[in-house]
Amino acid sequence: MAGTQSLHSFLFSSPRSNPLAFRLQISRLSSNGSLLRTSSIDLNHKRQIFRPIRACGLPDKKDEGGRINEPTGVLGSGNEVIWFKALSNFVDDNFLPLALVTAVAAGFANPSLGCLADRYYLSKFSTVGIFVVSGLTLRTAEISASVEAWPVAVYGLASILLLTPYFSRLILQIHLHPQEFVTGLAIFTCMPTTLSSGVALTQLAGGNSALALAMTVISNMLGILAIPFSISKFVADGVGITVPTKELFRSLVLMLLIPLIFGKILRESFKGVADFVDENRKLFPRINAILLSLVPWMQVSKSRSLLLMVKPEAFLVAIGMGTFLHLSLLAFNALGIRILAAVSGGSQSVFSRRRNASAVLLVASQKTLPVMVAVVEQLRGALGKSGLLVLPCVAAHIIQIIIDSFLVNFWPRSDDSSNNVKVS
């Protein structure tokens, strides 16, 4: 009877006396059917038995409607986003140096692909592409600014063709084995400015790209006439040197002038092209940087076997000489710009405008490798083995681009005619 009453109370008892909980009574019977004891378990509706485990242990966030949004990220995802953004900003700020270093490393790691690219004249196509892009981005106002800055252009041409070749005398005082390393760098000093890197770097620096283009084209064309005189006077000590004037001139017209004019005509003929280029001012310098990095990639690929044959200490000395040469040219032109700015009007001088100064400093301090290679081939061993003459110049060419690309990253992009030149 007592067991029946206990079961009746379990089945029909109401939980209303405690709306938050009810008591579960379990009757346990002995083997003979007698009731031993009754135990109970409290079930609380407010207590959550199964609570979801949150990934980050962060408090719930409510949206505008008051609903709870469970965090969906995992621990560390915020740090990963921060690191990714920092890496992306670093690559964006140092795009050209990274492209050049990657190109050199790729040339050493797998030279066959670079040699194949050179066999199909990819270096010429890259130079043409750089000047087509330069013509597309060249604004008419920039041409007017370059005309106004004609004294800066005159100094740049004088520095490239008349003044900097004197540094070859300084280089020839160094004694190194093989001696062709020293002779090659001396010849390299007598060359005009680079065909493409000076213009590309000027654009990245926010300099006067029209002025850089003018100095590049004119110095290379005049350089065809000046190179034999410079090498004979400073390097060869009277040895007769012939330069393929007609071939070089035709090559410069085809690779520099015509692509530049084509890009400019394309810009002026179609308004949509000009609008697209102006809306993507960061894209086209990146394209130029990629095209520019193809040159050292192919040069290193071609010269890898010869590089491995040279003693490491001799090649390191040659690299140091190339670095010293370029830093000396930078210091020389920086000093020349400051002096001319001081004597020609101070802060109001065209030499004091940052855009003009960056253009002439970059263009006048670089020397071209392709023209040097063409000249060495015409020497036919008169001043030493061609491969050994060219090898240190390959390193010097790459070094000057890498040094200037790092310098460009620290230069301000804004132009203010009232600001003085900062070339320290």
Just how far is it from atom CG of Leu257 to atom OG1 of Thr216, taken to the nearest 0.5 Å? 11.0 Å
Taking every non-hydrogen atom, the tightest pair across Arg304 and Pro111: CD-CG, 3.5 Å
Given side chain to side chain contact (heavy atoms under 4.5 Å, CB included), test Val152 with Phe351 step by step and report yes or no. CA-CA 6 Å; Val152 183; Phe351 289 93; 4.0 Å; yes
May I have the step-by-step check of side-chain hydrogen bond (donor to acceptor under 3.5 Å, both in side chains) for Ser344 and Ser349, ending in yes or no? CA-CA 6 Å; Ser344 61; Ser349 171; 2.6 Å; yes
Answer whether the closest heavy-atom distance between the side chains of Thr202 and Leu211 falls below 4.5 Å. no
Check whether any side-chain heavy atom of Met191 lies under 4.5 Å from a side-chain heavy atom of Ile231, and answer yes or no. yes
Taking atom CZ of Phe262 as the centre, report whether more than 12 heavy atoms of other residues, nucleotides or ligands fall under 6.0 Å from it. no
Inter-residue atom distance Ser358.OG - Asn208.CG, 0.5 Å rounding: 8.0 Å
Over all atoms of both residues, closest heavy-atom pair of Cys190 and Val235: SG-CG2, 4.2 Å
Given 3.5 Å as the limit, does a donor-acceptor pair link the side chain of Asp118 with the main chain of Met298, or not? no
Nearest heavy-atom approach of Ala205 to Leu362 is CB-CD1, 4.4 Å
Any heavy-atom pair between the side chains of Thr194 and Leu201 that's under 4.5 Å? no
Quick check: does any side chain N or O of Gln173 sit under 3.5 Å from a backbone N or O of Arg169, one acting as donor and the other as acceptor? yes
Taking C-beta and beyond as the side chain, do Lys367 and Leu325 meet within less than 4.5 Å on heavy atoms? no
4.5 Å side-chain heavy-atom contact, Leu361 and Ser365: yes
Quick one, Ile218 with Leu222, criterion side chain to side chain contact (heavy atoms under 4.5 Å, CB included). Give me CA distance, side-chain angles, the key distance, then yes/no. CA-CA 6 Å; Ile218 297 173; Leu222 293 179; 3.7 Å; yes
So which heavy atom on Ile258 is nearest to which on Leu254, and how close? CD1-CD2, 3.8 Å
Using modelled atom types and a 3.5 Å cut-off, is there a donor and acceptor pairing between side-chain atoms of Ser88 and backbone atoms of Phe84? no
Taking the side chain from Ser328 and the backbone from Phe324, do they hold a donor-acceptor pair closer than 3.5 Å? yes
Closest non-hydrogen atom pair between Tyr155 and Ile337, with its separation: CE2-CG1, 4.2 Å
To the nearest 0.5 Å, what is the distance between CG on Leu260 and CD1 on Ile265? 10.0 Å
Could you state the interatomic distance from CG (Leu136) to CZ (Phe270), rounded to the nearest 0.5 Å? 11.5 Å
Can you check whether Gln348's main-chain N or O pairs, donor with acceptor, with Ser352's side chain at less than 3.5 Å? no
Decide yes or no on side chain to side chain contact (heavy atoms under 4.5 Å, CB included) for Phe188 and Phe167, but give the supporting numbers first. CA-CA 10 Å; Phe188 185 66; Phe167 281 79; over 6 Å; no
Are any side-chain N or O atoms of Asn89 and backbone N or O atoms of Lys85, one a donor and one an acceptor, separated by less than 3.5 Å? yes
Could you measure the distance from the CE atom of Met321 to the OG1 atom of Thr323? Nearest 0.5 Å is fine. 10.5 Å
Salt bridge check: are Asp278 and Arg267 linked by an N-O gap of less than 4.0 Å? yes
Passes side chain to side chain contact (heavy atoms under 4.5 Å, CB included), Phe125 versus Leu291? Steps please. CA-CA 9 Å; Phe125 286 109; Leu291 294 174; over 6 Å; no
Are Thr193 and Met215 side-chain neighbours, meaning at least one heavy-atom pair lies under 4.5 Å? no
Looking only at heavy atoms, which two atoms of Leu185 and Ala396 are closest? And how far apart? CD2-CB, 3.9 Å
Interatomic distance, Phe181 atom CZ to Ile319 atom CD1 [nearest 0.5 angstrom]: 9.5 Å
Is any side-chain heavy atom of Thr137 closer than 4.5 Å to one of Ser209? no
4.5 Å side-chain heavy-atom contact, His326 and Gln366: yes
